[in-house]
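Here is how names work: the chains are called A, B, and so on, in the same order as the sequence lines, proteins then strands, and each is numbered from 1. Being a predicted model, the structure only gives us computed values, none of them experimental.
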Amino acid sequence: MAESYTTRLDDALNWARKYSLFTYPFVTACCGMEYMATAGSKYDIARFGAEFPRFSPRQADLLFVVGTITERQAPVLHRIWMQMAEPKYVIAFGVCASTGGFYQNYNTVPGCDQVVPVDVYIPGCPPRPEQVLDGLILLQKKIAEATTWVQRRDRKEVELAAQSTDGRKRLPVVA
Amino acid sequence: MSKADLDKLVAQFPQAIVSSHSNHGDDTAVVTATALKDVMRYLRDSAGFDFLVSVTAVDYFGREPRFEVVYHLRSMATGNRLRIKAPVHEEEGGPSAEVATVCDLWPTANWQEREVYDMFGIKFTDHPDLRRILMYEEFVGHPLRKDYPKEQRQPLIRRDYSLS
Amino acid sequence: MSTTTQSKTGMKKLAFGMPTPDEIASGGVHGLSTRPKVPPDLMSKLNAAELEEVEDIELPTEPMTINMGPSHPATHGTVRIVLTIDGETVRDSDVQVGYLHRCFEKEAEHATYTQVFPYTDRLNYVSPLLNNVGFALAVEKLIGIVDRLPERAQYIRVIVGEISRITDHLTCLGASAMEVGGFTPFLWMIKVREWLWELLEELTGARLTHSYVRIGGVSQDLPEHFIDKLRATLHKSTSVLTECESLLVKNRIFRDRMDGVAAISAEDAIGLGWTGPCLRSTGVPYDVRKDHPYLVYDRFEFDVPVGSVGDNYDRFAVRLEEIRQSMRILDQAMTQIPAGPVLLDDPRVAMPAKNAVYNTIESMIGHFKLIIDGIKVPAGEVYSYTEGGNGELGFYIVSDGTGRPYRCHVRSPSFIATQSMSKLILGAGIADIIPTFGMINMIGGECDR
């Protein structure tokens, strides 16, 4: 009885969460132009409950990683993710944020999931605003189903500490 | 277009100019690294080339001298352009490549010389603030050298979340 | 401030009593302006010691070091400014770039000449086609085919380039207006940009990263009715632009934050290597399209708008006027454009027709060689320059005779302009950094490459 009650409460909470996403646009590169277009009047991201870009990570729960993440930028991104309030979600906007795209070289991070856990990847270089809205709806679906990284971590389905897969020397993490 | 300027420069510094050409309409003079500063000062003060368009370098790996620092100049009055190149040696295990800065002549050279230093490791003597500019301080090596592998990353932070 | 936008508005007064630009320039009306006006020549010459004297009357404060960026809401682009401030006054600053260094030059050394085009798109990602054209012209100059380009291709390059320039300036002005508090001009300018992008998408297949230009011409001809649609779009854009202008030019808040802020003299600007709208704001009429005409720019009539003070407002007004001049160029180009091929008919640079590739062995081999080895460019070096969105966009290419560049250096105008940020904001307030940075228009992809 009690179990079903809490499940119901979670559902209600998640329903509320998915329609009140406060985004933090971490805009670094070209994709920012399409982010502007998505936020602009024609595509109007506000229709999906993600209206207000909060430019402080403390006030945001959705991190849009918009554009290429370089090695120099990576600690900054990680720090911003750490500063965000829980529960928090991450969308990788564009191929550079997803995989590094066609920048495979000494200074680009091959995907921002090397630094922060990503819930939705939006392909495209840059993705069209329609694709971005599609990605946002996908994230809302994931939040409702409670399958985002943070929610799975709370249920102990993913490891708390991220795995380190390569044997490279690592400098101390800035947090 | 500015062939006359080039001829005048060659006549002015017969010792310092190693060679000159005008391929593709780009007038070019190759100047010894030691005389570079004098030539540049003459070009700015007496020949009217008051605009330094760009400073860059090329790594001719396996050739001697290995580097060439390239300057592009423009005269705001006449619109003439000139390219000055200075070959720079770097010996194996010896002192690193060096050339005199032109920061004091053109302030625009400041960041561009820092970029050349960052990317090629060419030192500009008497530069006021020779630090890395595009790469981070912890980075080892100079990425635009031909012997730096394209995909050799030096991560500052790496926590792989891609499998979780 | 001698830009035409101002002289046009002249001494007219709006019904609800807003001051005219001339009144604003003369030091404020109605006693509203409490901000002391620092003479522009003083702004550029102030050093820390002189500042002490100027502001000695204020309460003494301790200098403090704070970070602005790398992720700051009001800077469109990732830059970190380490500020030493005394109260609200900037005493010293260290501008750090490089957060978007994506190694364009190293990537270019590993790609064939045709494969470099997508990378050039992402240099100045607000005006990708201008970068495409700049790179193509550099390679063509090195091959020696720059005089043989088909005329229609040259006109198409001018047309797409000028559309790109309009979108570039719209984004710069709109974003800067938003950063100083005006959200409506941003929305309207993005709307116009959207119209132009739709046209470009119809032509190139992509909204932002087009990769449309090829060595020897462009990849495909204009679609049907493109010219008519462009003409209609430009017509309705003009009215939106006028509305935006009326929102900003007479706006008290906007003018207070732009007028006289970060002024610089022409000599300093030349010494710092400025080009483009920033240099023209100081009164130097240097425009590559006029001074070293490339493509068919010598056939068009257009003016080069210049400012006189070199402050943020001049940089704003020069860009606004340049949009109008680009529209003039487009107008003439649309009338003059001839019919004909859009790609040079030379098997060394142009792909053979698909039909020939499938049916003749020579064309198939030619196709294979162009794809795998790339276009063979004779050994040598070349510096080619065009007028990009932010100024002189130069490509210095060294070829060793293979299909890949041996060295490809970009002379990026915003990298060179950004280095003068420290000088511009010295002695200004913290709030002045935002419009100054917006008007320098540092574009991360181009600045850090």
Side-chain angles (χ1 to χ4, degrees), chain B residues 1 21 23-28 44 50-61 68 70-74 76 78-83 85 103-112 114-116 118-120 129 131-137 139 143-146 148-153, chain C residues 94-103 105-107 109-110 138 141-144 146 266-275 279 284 286 288 290-292 378-385 392 394-396 398 400 406-412 415-420 422-423 447-449:
Chain B
M1 205 152 111
H21 70 76
N23 296 344
H24 305 288
D26 293 357
D27 299 295
T28 308
R44 189 192 71 157
D50 49 353
F51 189 73
L52 179 64
V53 178
S54 83
V55 181
T56 185
V58 188
D59 175 13
Y60 293 102
F61 186 53
E68 230 171 36
V70 186
Y71 301 83
H72 289 94
L73 298 169
R74 180 181 191 268
M76 289 309 271
T78 61
N80 291 346
R81 286 177 184 259
L82 193 62
R83 179 189 299 142
K85 300 203 288 180
C103 262
D104 43 346
L105 301 178
W106 292 278
T108 180
N110 190 326
W111 273 23
Q112 303 193 47
R114 274 175 71 185
E115 189 199 334
V116 171
D118 190 358
M119 293 289 136
F120 292 94
D129 185 21
R131 284 178 294 151
R132 283 188 181 276
I133 183 161
L134 295 178
M135 306 305 297
Y136 35 93
E137 287 300 326
F139 194 85
L144 269 184
R145 288 188 172 199
K146 288 283 177 186
Y148 191 92
K150 182 178 154 231
E151 294 198 26
Q152 187 174 317
R153 296 184 171 90
Chain C
D94 179 20
V95 181
Q96 298 181 2
V97 295
Y99 287 93
L100 191 57
H101 178 55
R102 297 189 282 194
C103 329
E105 294 173 10
K106 192 82 171 179
E107 291 278 5
E109 287 171 14
H110 289 78
K141 188 173 168 188
L142 195 49
I143 304 177
V146 80
E267 293 75 44
D268 286 349
I270 289 174
L272 284 163
W274 281 21
T275 47
L279 178 64
V284 182
Y286 170 51
V288 182
K290 268 272 193 250
D291 292 328
H292 309 276
E381 56 181 341
V382 77
Y383 177 75
S384 164
Y385 43 96
E392 179 178 323
F395 284 93
Y396 173 64
V398 179
D400 55 353
Y406 185 78
R407 171 95 173 93
C408 175
H409 172 73
V410 191
R411 189 254 180 219
S412 95
F415 175 73
I416 290 163
T418 308
Q419 76 166 312
S420 37
S422 291
K423 187 180 160 64
C447 178
D448 305 340
R449 279 149 292 153

(request) Mind listing the closest non-hydrogen atom pair of B/V58 and C/Y396 along with its distance? (result) CG2-CE2, 3.8 Å
(message) Tell me whether the NZ or CZ atom of B/R74 lies within the 45° cone about the ring axis of C/Y286 and under 6.0 Å from its centre.
(response) yes
(message) Once rounded to the nearest 0.5 Å, what's the spacing between atom CD of C/E267 and atom CG of B/D50?
(response) 10.0 Å
(request) Taking the side chain as every heavy atom from C-beta outward, state whether B/V70 and C/Y383 have any pair of such atoms under 4.5 Å apart. (result) no
(request) Find the one option among B/R131, B/Q112, B/M135, B/K146 whose heavy-atom pairs under 4.5 Å with chain C are most numerous. (result) B/K146
(request) Looking only at non-hydrogen atoms, find the nearest pair between B/Y60 and C/V398 and report the distance. (result) OH-CG1, 3.7 Å
(message) Which atoms of C/V95 are under 4.5 Å from chain B, going by heavy atoms: the side chain, the backbone, both sets, or neither?
(response) both
(request) Just jot down the side-chain contact (heavy atoms from CB on, under 4.5 Å) partners of C/E107, sequence neighbours excluded, or say none. (result) A/Y103, A/N105, B/K150, C/Y119
(message) For B/D59, is there any backbone N or O sitting under 3.5 Å from a side-chain donor or acceptor partner on C/Y406?
(response) yes
(message) At a 4.5 Å cut-off on heavy atoms, which part of B/R114 comes close to chain C: side chain, backbone, both, or neither?
(response) neither
(request) Applying side-chain contact (heavy atoms from CB on, under 4.5 Å), run through C/Y385 and B/R81 and close with a yes or a no. (result) CA-CA 11 Å; C/Y385 43 96; B/R81 286 177 184 259; 3.1 Å; yes
(request) Using side-chain hydrogen bond (donor to acceptor under 3.5 Å, both in side chains) as the criterion, list what pairs up with B/D26, not counting sequence neighbours. (result) B/R83, C/K141
(request) Only one of B/T108, B/V55, B/L52 passes side chain to side chain contact (heavy atoms under 4.5 Å, CB included) with C/I416; say which it is. (result) B/T108
(request) Might you work through the side-chain contact (heavy atoms from CB on, under 4.5 Å) test for B/W111 and C/V97, ending with a clear yes or no? (result) CA-CA 10 Å; B/W111 273 23; C/V97 295; 3.9 Å; yes
(message) Any side-chain to backbone donor/acceptor pair from C/K106 onto B/E151? Under 3.5 Å, distance only.
(response) no
(message) Between B/E68 and C/R407 (salt bridge meaning N to carboxylate O under 4.0 Å), is one present in this structure?
(response) no
(message) The test is side-chain contact (heavy atoms from CB on, under 4.5 Å); show your working for B/M119 and C/H409 and say whether it passes.
(response) CA-CA 12 Å; B/M119 293 289 136; C/H409 172 73; over 6 Å; no
(request) Could you check which of C/R449, C/R411, C/E105, C/Q419 has the highest count of heavy-atom pairs closer than 4.5 Å to chain B? (result) C/Q419
(request) Using non-hydrogen atoms and a 4.5 Å limit, figure out which bit of C/Y99 sits close to chain B: side chain, backbone, both or neither. (result) neither
(request) Considering only heavy atoms and a distance below 4.5 Å, find which of C/L100, C/T418, C/D400 pairs most often with chain B. (result) C/T418
(message) Using heavy-atom distances under 4.5 Å, tell me whether C/V284 contacts chain B through its side chain, its backbone, both, or neither.
(response) side chain
(message) Heavy-atom cut-off 4.5 Å, strictly under: side chain, backbone, both or neither for B/Y136 against chain C?
(response) neither
(request) Examine whether an atom of C/E381 lies under 4.5 Å from a heavy atom of chain B, and if so say whether it belongs to the side chain, the backbone or both; otherwise answer neither. (result) both
(request) Let me know if B/H24 has heavy atoms under 4.5 Å from chain C in its side chain, its backbone, both or neither. (result) both
(message) Can you confirm whether C/L279 sits close enough to B/M76 that some side-chain heavy atom of one is under 4.5 Å from a side-chain heavy atom of the other?
(response) yes
